[in-house]
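Have a look at the structure below before the remarks.
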Amino acid sequence: MGRAEERRARQRGGRRAAPPTRSSGTPSEGIATGGRAAARKAAARGKKGGKKGKSGIRRLFTWKKILGTFLGFCLLGIGAFVVMYMMIGVPKGNAKAQEQSNIYKYSDGSVMAREGDTNREIVDLSEVPKPVQRTFVAAENKTFYTDAGVDFKGIARGLFNTLSGKGKQGGSTITQQYVKNYYLDQDQTVTRKLKELVISLKVDRETPKDDILAGYINTSYYGRGAYGIQAAAQDYYRVDASKLSVEQGAYLAALLQAPSQYDWAVASDTGKKLVTARWNYVLDNMVKQGWLDKTKRDKMTFPYPKQPKAAPGMEGQKGYFIKLAKQQLEKQLVKSQGITQDEAEARVENSGWTITLNIDKKKQSKLEKSVKSQLISKLDPKKRSVDKNVQAGAVSVDPKTGRIVALYGGQDYTKHYISNANRTDYQPASTFKPVILAAALENASETQSGKAIGANTIYDGTSKRQVVDSNGNKVGFAPENEDDHDYGKQVTVQTGMNQSINSVFAQMGVDVGMDKVLATATRLGMDTGKLKPLPAYTLGTMGASPLQMAAVYATLDNHGKQVTPSIIKSAEQGGTAFRMPDPIGEQVISRKAADTVTSVLTGVVADGTAKISVAENPARDGRKVAGKTGTSDDNLSAWFTGYTPDLVTSVGLFGEDAKTGAQTKLYKTAGLDRVNGGGFPAQIWATYTFGVAGENTKFDLDTDQGAAVQPSWTPSPSATPSETPSETPSETPSETPSETPSETPSETPSQSPSQSAPTGQQSTPVETSTSPLNPFDPNAGQ
C-alpha cells in the first residue's frame, strides 16, 4: 500500500488500512474495498466504545444490584432486630413507682396545695363482666385475641410520624398500649417505639391474653384523674366495675381515645358528637364480632355519666386554680413537645411538678369577699328558687405582665366542678362592642357614606333598624335596642357605646366587615373558632369566658400589645425548670386604635351604663376607669369588664340550673326584675378594684378621640344628638331605662342602686343583646 492510500485509510477508519482481500477485482478495487471495510469496523468499534461508557453506569444500578442491596438492608434490619430482641428484656413494671405529688404554691412561695394520691384501684379481670371486657377489645383492637401483640403497620406509621414530626396517630394494639402504660413512658421517640415493639412481642408470648387485658384496663387513664376501670366506674357512674352495664362499659372504652375531650361534663358540642359516634362504633363492632345481640344493641341508649366529684383538698377556689394551671401547662407541653392533649394530661398528673402560681393572696381574698358582700349575701335560695341558679366568675389580670393575680371560679370547687372563670358557654353580650370599634379603627373602616369611623362618627340609633350592606341591601338583621328604645337617627359612636345601642354596632360591624371583626377578636384574645361572619355576632352572641374577655381588655389596656393571661409563674419537675411562654406578646393592633377604644370606654363609666356602680362609687377616689357592661338576650348572663391603668378584671354572672346545669334566666334574682351588667357585676368589680388598685395613675393615651379627651367636634343639636358626644341624646328620657325586660312595661327606678330596694329594681342604665337567631348555631341566618 502506498503512503497516499495508507493516509486515506487512516482518515477513513482511524487505523492502518487492511491488506488487500482475495476477492475478485482489480487491485485498486480491492484496496478501496478493504479501506472502506476497515473504516466501517473502526467506526463500529468507536460506537461500541461509547456504549461501553454508558453501560458502566447501568451496570452499577442494575435491578439485580438494587434488589440485592434492598435485601441486604432487610437482612441487616432483621439481624439488628434479632440482636435487639435478645438484648431487650421485659422490665419490671414501674408505672406506680414514678407517681409523685404535684405541689402548688402562691406567688409568694407559700404552699397552697399538694395533689398526689393516685385515684387507682386494681381489680381482677374476673370482677369485670365479660361483655364489658369486650367493649375495650371492640374499641381498640378487634384482633386482640388472635394477634401476636403488635401491629407492624401501626408501628411503621408511628415511626414515620415521629421522624416527620407529626406525633402520635394511633395504630397500637392493646398489648402495645399496656406495655407503654406499665413498662415504658409516653415519650414519642424512635427508641421508645422500638422498645415497645420488642417488649410487646415478648409480653404476648409470655403472658396470657386475659392478664394483658386486665393490665390494660387497670393502667389506662380515663380522665378526671382516674386511672384504671374501677376508679373510672366510680367517677363516671358511681358504681363498682363489677356493676357496669355494656352501655357504660362502651362509654369508658370510647373515652380512652381522648379523655379530656370526651368527658361529657366538660365536652364541647363537637366533643359530645365525637364520643357519641365512638360509643356507637364500639357497640356496632361488638355486634360484628358476635359478642352482642343486634336486637339488644338497637335498644341501647347513651349512658350519660354523672357530674365529676372534686378531690379532697380542692375546696374553695384551690381546685379552680389547679385546674387552670394544669390546662395551661398541658397546652404548653402539647405545643413544645409535639404530643397529644391526652399524653400531656398523663404527664402532668402525679408527676412531681412544683408549680408556683401568679395568684396574689391579698387580691384573691379581696375578690372573694367582694363576691360575697355584693352578691352572695343578697341571695336567698330558700325564699327564691332562682337564687339557687346564680353563678359568678371573675378573672383579674396585671396588663403589664399578663399575670392572673386573682380568680373566682364559683363558690366551691368541691360543689361546682366547672370553673365560671374559664367557661365559654355564655354570651359576652355588649362587652363585645369594643372589639367592633377596635376593628373599625385598626382597619381604617368607613361608613357607607365614606366617612372614617371614630368616636364622633354619626350612626342611626333607631331600634329595629334594618342593617344594610355596602350596596344598600338589607341583610335580614334588625336588632332591637334595650326596651325597644329609639335614640334617634343621629347619635355618635361615643353615645352608642355609653348607652350600648345595638343598632349602632350592628351597622358598624357590617360596615367594617364581620370577617375583620372576628379576626380582630382573635388577635385580641378571644377564641372565635369556626364562627361564620354573621351580623348577629355584633351583639356578642358567641360564647366567651371571663378569662377571654380579661385578655381582650388587658390587650387594650396594654396599648394593643397582646396579653395572654397566665396563672403559672413558674413550673419545674425534678429540679428542672420548664419554660412557659411569655404572657406578653407582639403588637396585635396599633397603639392608637387600642388607646382610642380605651378613651371611648371611659365614657361608659363616666356617663353610661356603669355610671352609678363605678363612676359614682364612693371608694373610687378619682381613679381613672374604662369598661363596658353587657347583658345577654333573655337575661342568661350579665357582665362588667373594666380596667384601671394597672389592673384589668372581668366579672360575669350566669344563670345555671342547679340540678341539670342548663342555662336559665336571671330574672327576679335577689328580688330584682332583671340582673344587668351595671348591677351586680359592676358592683363586684368596683368593690374589688377600688380595694386593691394601686396609685391613682392616669391612662397614657395616644389618641385625640373619645370621652377621655376633648372631642374634636360636636354634632349639631338637630334631631337627637346631645351637646357633647358623651351625653345621652336629647329626646332620651331623663330617667334611665328600667331593669325590666323589653316585653315588660317600663318602670322608672327612683332610688339609688341598692340591691335591697323595696321594689327590687336597680337604677343603673341597662342594655341587652337581642338576637332573633340561635347564637350557638353557626348556620343561623344563612
Side-chain angles (χ1 to χ4, degrees), residues 317 320 324 363-379 390-399 404-411 416 419-424 426-432 434 500 525 540 544-554 556-557 565 601 604-605 608-610 612-615 617 619-620 625-632 635-644 647-656 666 669-670 672 675-693 753 755 762 764 766-767:
Q317 300 302 306
Y320 301 122
L324 180 58
K363 288 184 172 65
Q364 180 62 36
S365 177
K366 185 63 178 178
L367 179 59
E368 292 179 35
K369 289 178 180 178
S370 298
V371 175
K372 185 175 182 179
S373 66
Q374 300 303 313
L375 174 66
I376 297 174
S377 65
K378 296 177 173 64
L379 302 178
V390 181
Q391 293 289 336
V395 175
S396 186
V397 179
D398 181 338
I404 297 176
V405 295
L407 179 146
Y408 188 87
Q411 288 192 47
H416 188 261
S419 174
N420 296 323
N422 201 25
R423 70 189 307 164
T424 58
Y426 283 83
Q427 301 175 15
S430 293
T431 58
F432 184 72
S500 206
S545 66
L547 179 60
Q548 288 185 17
M549 299 316 295
V552 170
Y553 283 62
L556 295 173
D557 198 3
L601 291 180
V604 177
V605 175
T609 52
I612 296 174
S613 295
V614 180
N617 192 298
R620 181 184 178 186
V625 178
K628 185 72 186 76
T629 56
T631 309
S632 70
N635 211 197
L636 297 173
S637 62
W639 300 70
F640 182 73
T641 302
Y643 51 103
T644 62
L647 193 64
V648 178
T649 306
S650 180
V651 181
L653 258 62
F654 315 110
E656 178 192 88
L666 291 169
T669 294
L672 303 173
V675 174
N676 67 88
F680 290 129
Q683 289 162 11
I684 292 169
W685 185 95
T687 302
Y688 162 70
T689 301
F690 298 149
V692 300
Q755 299 285 354
Q762 297 167 286
T764 311
V766 301
E767 87 296 333

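Position 1 is the first residue of the sequence; numbering continues from there. Hydrogens, waters and symmetry mates are skipped; everything else that's a heavy atom, side chains included, is used.
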Are the side chain of [X] and the backbone N or O of [Y] linked by a donor-acceptor pair below 3.5 Å?
{"X": "Asn422", "Y": "Leu547", "value": "no"}
{"X": "Thr689", "Y": "Ala686", "value": "no"}
{"X": "Tyr426", "Y": "Ala638", "value": "no"}
{"X": "Lys378", "Y": "Ser373", "value": "yes"}
{"X": "Ser419", "Y": "Tyr320", "value": "no"}
{"X": "Ser613", "Y": "Ala610", "value": "no"}
{"X": "Asn420", "Y": "Gly409", "value": "yes"}
{"X": "Gln364", "Y": "Leu407", "value": "yes"}

Do [X] and [Y] have side-chain heavy atoms sitting under 4.5 Å apart?
{"X": "Val395", "Y": "Ile404", "value": "yes"}
{"X": "Val390", "Y": "Leu666", "value": "yes"}
{"X": "Gln548", "Y": "Tyr553", "value": "no"}
{"X": "Asp398", "Y": "Val648", "value": "no"}
{"X": "Thr641", "Y": "Lys628", "value": "no"}

Work out which heavy atom in [X] is nearest to a heavy atom in [Y]; give both atom names and the distance.
{"X": "Val605", "Y": "Gly627", "answer": "CG2-N, 3.8 Å"}
{"X": "Ala394", "Y": "Ala421", "answer": "O-CB, 3.7 Å"}
{"X": "Gly540", "Y": "Pro428", "answer": "O-CD, 3.2 Å"}
{"X": "Gln683", "Y": "Gly678", "answer": "NE2-O, 4.5 Å"}
{"X": "Ala554", "Y": "Val397", "answer": "CB-CG1, 4.5 Å"}
{"X": "Asp557", "Y": "Thr644", "answer": "OD2-O, 2.7 Å"}

Worksheet, complete the sentence: Contacts of Arg423 meeting salt bridge (charged side-chain N to carboxylate O under 4.0 Å, His left out) (sequence neighbours excluded), chain-then-number -> Asp425, Glu656
Practice prompt. Apply the test side-chain contact (heavy atoms from CB on, under 4.5 Å) to residues Lys363 and Tyr688: give CA-CA distance (whole Å), side-chain angles for both, the deciding distance (0.1 Å), then the verdict.
Written response: CA-CA 8 Å; Lys363 288 184 172 65; Tyr688 162 70; 3.8 Å; yes
Practice prompt. Quick one: pull up CG in Leu367 and CD1 in Ile684 and give me the separation to the nearest 0.5 Å.
Written response: 8.5 Å
Worksheet entry | Exercise: do Ser500 and Ser430 side chains pair donor with acceptor under 3.5 Å | yes
Worksheet item: Do Ser370 and Thr687 have a side chain donor and acceptor closer than 3.5 Å?
Response: no
Worksheet item: Does Ala392 have any side chain to side chain contact (heavy atoms under 4.5 Å, CB included) partners at least two apart in sequence or in another chain, and if so, which?
Response: Val371, Leu375, Tyr408, Leu653
Item to complete: Not counting sequence neighbours, which residues clear ring-ring contact (aromatic ring centres under 6.0 Å, His included) with Phe432? List them please.
Response: none
Worksheet entry | Phe640, Trp685, Tyr643, Trp639 screened by side chain to side chain contact (heavy atoms under 4.5 Å, CB included) with Ser650, the one that passes | Trp639
Worksheet item: Run the side-chain contact (heavy atoms from CB on, under 4.5 Å) check on Gln317 and Glu368 step by step: do they pass?
Response: CA-CA 9 Å; Gln317 300 302 306; Glu368 292 179 35; 3.4 Å; yes
